[in-house]
Trainee: 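This is the structure, below, for whatever I ask next.
For the numbers below, each heavy atom of this structure counts, side chains included, while hydrogens, waters and symmetry mates do not. In what follows, residues are counted from 1 in the order of the sequence shown. The model shown is predicted, which means the values in this text are computed figures rather than measured ones.
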Amino acid sequence: MNANIVTLPGDGIGPEVTAQAVRILTAVADLFGHRFQFESAPIGGAAIDATGSALPDSTLHACRSASAVLLGAVGGPQWDGAEATVRPEQGLLALRKGLGVYANLRPVRVPDCLADRSTLRPEVVRGVDLVVVRELTGGMYFGDKSRGPGEGGEEAIDVCRYSTAEIERVARRAGQLARGRRGRLASVDKANVLETSRLWRETVTRVMAEEFADLTVEHVLVDACAMHLIRNPGAFDVILTENLFGDILTDEAAMLAGSIGLLPSASLGAPGTPGLFEPIHGSAPTIAGRDLANPYGAILSAAMLLRQGLSLGTEADAVEQVVEQAWSAGLLPADLADASTTPYGTEAIGAAVAALLTDAAMPATATR
């Protein structure tokens, strides 16, 4: 396969973890006979400093023309001042909108070798295998915003808006995913309070009844879901929810495995459009440039890029398998290491995973 992959390293630890993901993708291409061309483009704070825009037109054009897009992270305190009119996060939101990626898939797996790294008891988290499907281009993040004088002083307004069509398309994506897994879907809302959630629940109920009657579907209020993710996370298979709730719940779910640095994501749109693949963590500016960043979320995002972006399932499986081998061998970064474990740096982890991948693939490639 020939593929053009646009990389958006971004800010903070973004360039460091993206470099390791590219290292793994390069190893995959060499081992399996593919040709991946990488093109780097600015986004976020780095783009603001260079161009004044968090998403330059040239970056969006490159991403729209790509086979897939790999993102690092955006943001940092130097762009967060109250007087700032352009913020790094605006570039990420504009990119999602510009690519039309409306379904964000965030898998959470806790293999035996990581069960003792969570702050929860190992018996609670061991064997967890769930996916959150987060609607990505609607809701409060993209609703009308205003700020001005009000009766009680300054007033700020963020509008949460959803349409039936937006809910239908992400519900179908979640239903298709659940059908290929264990057949259970939990739709999360706040229908006892919010009108958008009542529309969400009504629409999901109809789509599931008409198109996915073979699934077991339940509706869960977002506050109850937050509790159950800690109490009994193994009960979940596929979780479907709107933009804001999905953002919050997946950060919570990341800690089931012990670190937000482990979680990858895939943002997908209509067939034929490039997907956006990124770790869910932020830019972590306090550890940037110190070889301390956890690159596993970015490496696993590269695996999702192979599977969902390029339809290379065998190659994606190979990456995921060697990542788990690395965990079992104790190749853990500082955010997962304990007093009895020597932490590995960002660069060392990337090199070790690439070496494991090469060793694992050698028997297969030798027969070609």
Side-chain angles (χ1 to χ4, degrees), residues 8 10-14 43-44 54-55 71-76 80 87-108 130-145 156 158-162 166-167 169-171 173-174 177 186-191 193-194 196-197 200 204 220-230 233 236 238-257 259-269 275-284 297-298 300-301 304:
L8 308 175
D11 309 318
I13 63 171
I43 193 173
L55 181 68
L71 173 70
V74 299
D80 283 346
R87 298 177 183 272
E89 293 77 11
Q90 293 170 341
L92 179 56
L93 295 179
L95 178 63
R96 291 169 177 170
K97 200 76 170 179
L99 291 178
V101 288
Y102 61 84
N104 182 235
L105 279 56
R106 297 187 170 189
V108 182
L130 62 87
V131 180
V132 178
V133 180
R134 169 191 173 193
E135 200 289 324
L136 205 59
T137 58
M140 196 175 295
Y141 287 7
F142 289 93
D144 296 336
K145 306 177 189 307
D158 294 285
V159 176
C160 184
R161 178 180 288 111
Y162 268 107
E166 288 173 318
I167 302 167
R169 65 183 183 179
V170 74
R173 179 79 72 165
L177 181 62
S187 178
V188 176
D189 57 42
K190 191 62 177 172
V193 175
L194 302 176
T196 48
S197 281
W200 182 280
V204 170
V220 186
L221 295 176
V222 63
D223 43 346
C225 183
M227 178 186 68
H228 291 309
L229 272 173
I230 298 301
F236 290 105
V238 174
I239 298 173
L240 166 65
T241 192
E242 61 99 56
N243 206 341
L244 175 60
F245 297 161
D247 193 2
I248 296 169
L249 289 175
T250 50
D251 279 15
E252 179 191 15
M255 298 314 297
L256 299 174
S259 170
I260 197 172
L262 292 175
L263 260 63
S265 76
S267 301
L268 307 175
L276 173 63
F277 303 87
E278 57 180 307
I280 78 165
H281 60 67
S283 62
L300 290 171
S301 294
M304 296 189 79

Trainee: With side chains defined as the heavy atoms from C-beta onward, is the minimum distance between D144 and R161 less than 4.5 Å?
Mentor: yes
Trainee: Measuring only between side-chain heavy atoms, which start at C-beta, is L105 closer than 4.5 Å to F277?
Mentor: no
Trainee: Locate the shortest heavy-atom distance separating L256 from P233; write the atom from each residue and the value.
Mentor: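 What the structure gives for the nearest pair is CD1-CB, 3.7 Å.
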Trainee: Is there side-chain contact between C225 and L249, with heavy atoms separated by less than 4.5 Å?
Mentor: yes
Trainee: Treating E89 as the side-chain partner and G91 as the backbone partner, does any N or O pair qualify as donor plus acceptor under 3.5 Å?
Mentor: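 Not a single qualifying donor-acceptor pair exists.
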Trainee: Under the salt bridge (Lys or Arg N to Asp or Glu O under 4.0 Å) test, which residues partner R173, sequence neighbours left out?
Mentor: none
Trainee: I'd like to check H281 versus L263 (side-chain heavy atoms, cut-off strictly below 4.5 Å). Are they in contact?
Mentor: no
Trainee: Hey, could you give me the OG/CZ distance between S267 and R106, rounded to the nearest 0.5 Å?
Mentor: 7.5 Å
Trainee: Write down the atom of P279, the atom of G297, and the distance for their closest heavy-atom approach.
Mentor: CB-C, 3.6 Å
Trainee: Ring-plane angle category for F236 and H228, please: parallel below 30°, perpendicular beyond 60°, tilted otherwise.
Mentor: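 Judged by the thresholds at 30° and 60°, the geometry between F236 and H228 is tilted.
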Trainee: Would you say the side chain of L229 lies within less than 4.5 Å of the side chain of I239, judging by non-hydrogen atoms?
Mentor: yes
Trainee: Once you round to the nearest 0.5 Å, how far does CG of L93 lie from OG1 of T137?
Mentor: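 Reported value, rounded in 0.5 Å steps: 10.5 Å.
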Trainee: Is any side-chain heavy atom of D189 closer than 4.5 Å to one of L221?
Mentor: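 L221 reaches D189 side chain to side chain.
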Trainee: Kindly give the heavy-atom pair with the smallest separation between L136 and A103, and that separation in Å.
Mentor: CB-N, 4.4 Å
Trainee: Look up atom CG in D247 and atom CD in E242, then write down how far apart they are to the nearest 0.5 Å.
Mentor: 10.0 Å
Trainee: Should E278 and R96 be marked as a salt bridge (charged side-chain N to carboxylate O under 4.0 Å, His left out) after you check the CA-CA gap, both sets of side-chain angles, and the distance that decides it?
Mentor: CA-CA 12 Å; E278 57 180 307; R96 291 169 177 170; 3.7 Å; yes
Trainee: Any donor-acceptor pair under 3.5 Å linking the side chain of S283 with the backbone of G75?
Mentor: yes
Trainee: Return the CG to CE distance between L262 and M255, rounded to the nearest 0.5 Å.
Mentor: 9.0 Å
Trainee: A side-chain contact here means heavy atoms from C-beta on lying under 4.5 Å apart; do W200 and L240 qualify?
Mentor: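 Heavy-atom side-chain distance check passes, below 4.5 Å.
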Trainee: Is the side chain of K145 donor-acceptor paired with the backbone N or O of M140 at a distance under 3.5 Å, no angle test?
Mentor: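 The answer is yes, because a donor-acceptor pair under 3.5 Å joins these two groups.
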Trainee: Please give me the minimum heavy-atom distance between V238 and A174, naming the atom from each residue.
Mentor: CG1-O, 4.1 Å
Trainee: For the residue pair A253 and V108, what are the closest heavy atoms and their distance?
Mentor: O-CG1, 3.6 Å
Trainee: Which of these, T250, N243, T241, sits in a side-chain hydrogen bond (donor to acceptor under 3.5 Å, both in side chains) with R134?
Mentor: N243
Trainee: Going through the checks in order, is the side-chain contact (heavy atoms from CB on, under 4.5 Å) test met by L95 and L8?
Mentor: CA-CA 11 Å; L95 178 63; L8 308 175; 3.5 Å; yes
Trainee: Locate the shortest heavy-atom distance separating A191 from S197; write the atom from each residue and the value.
Mentor: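 Scanning both residues completely, I find the closest heavy atoms to be N-CB, 3.4 Å.
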Trainee: Roughly how far, to the nearest 0.5 Å, is the CD1 atom of I167 from the OH atom of Y162?
Mentor: 7.5 Å
Trainee: Would you say the side chain of I260 lies within less than 4.5 Å of the side chain of D251, judging by non-hydrogen atoms?
Mentor: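 D251 reaches I260 side chain to side chain.
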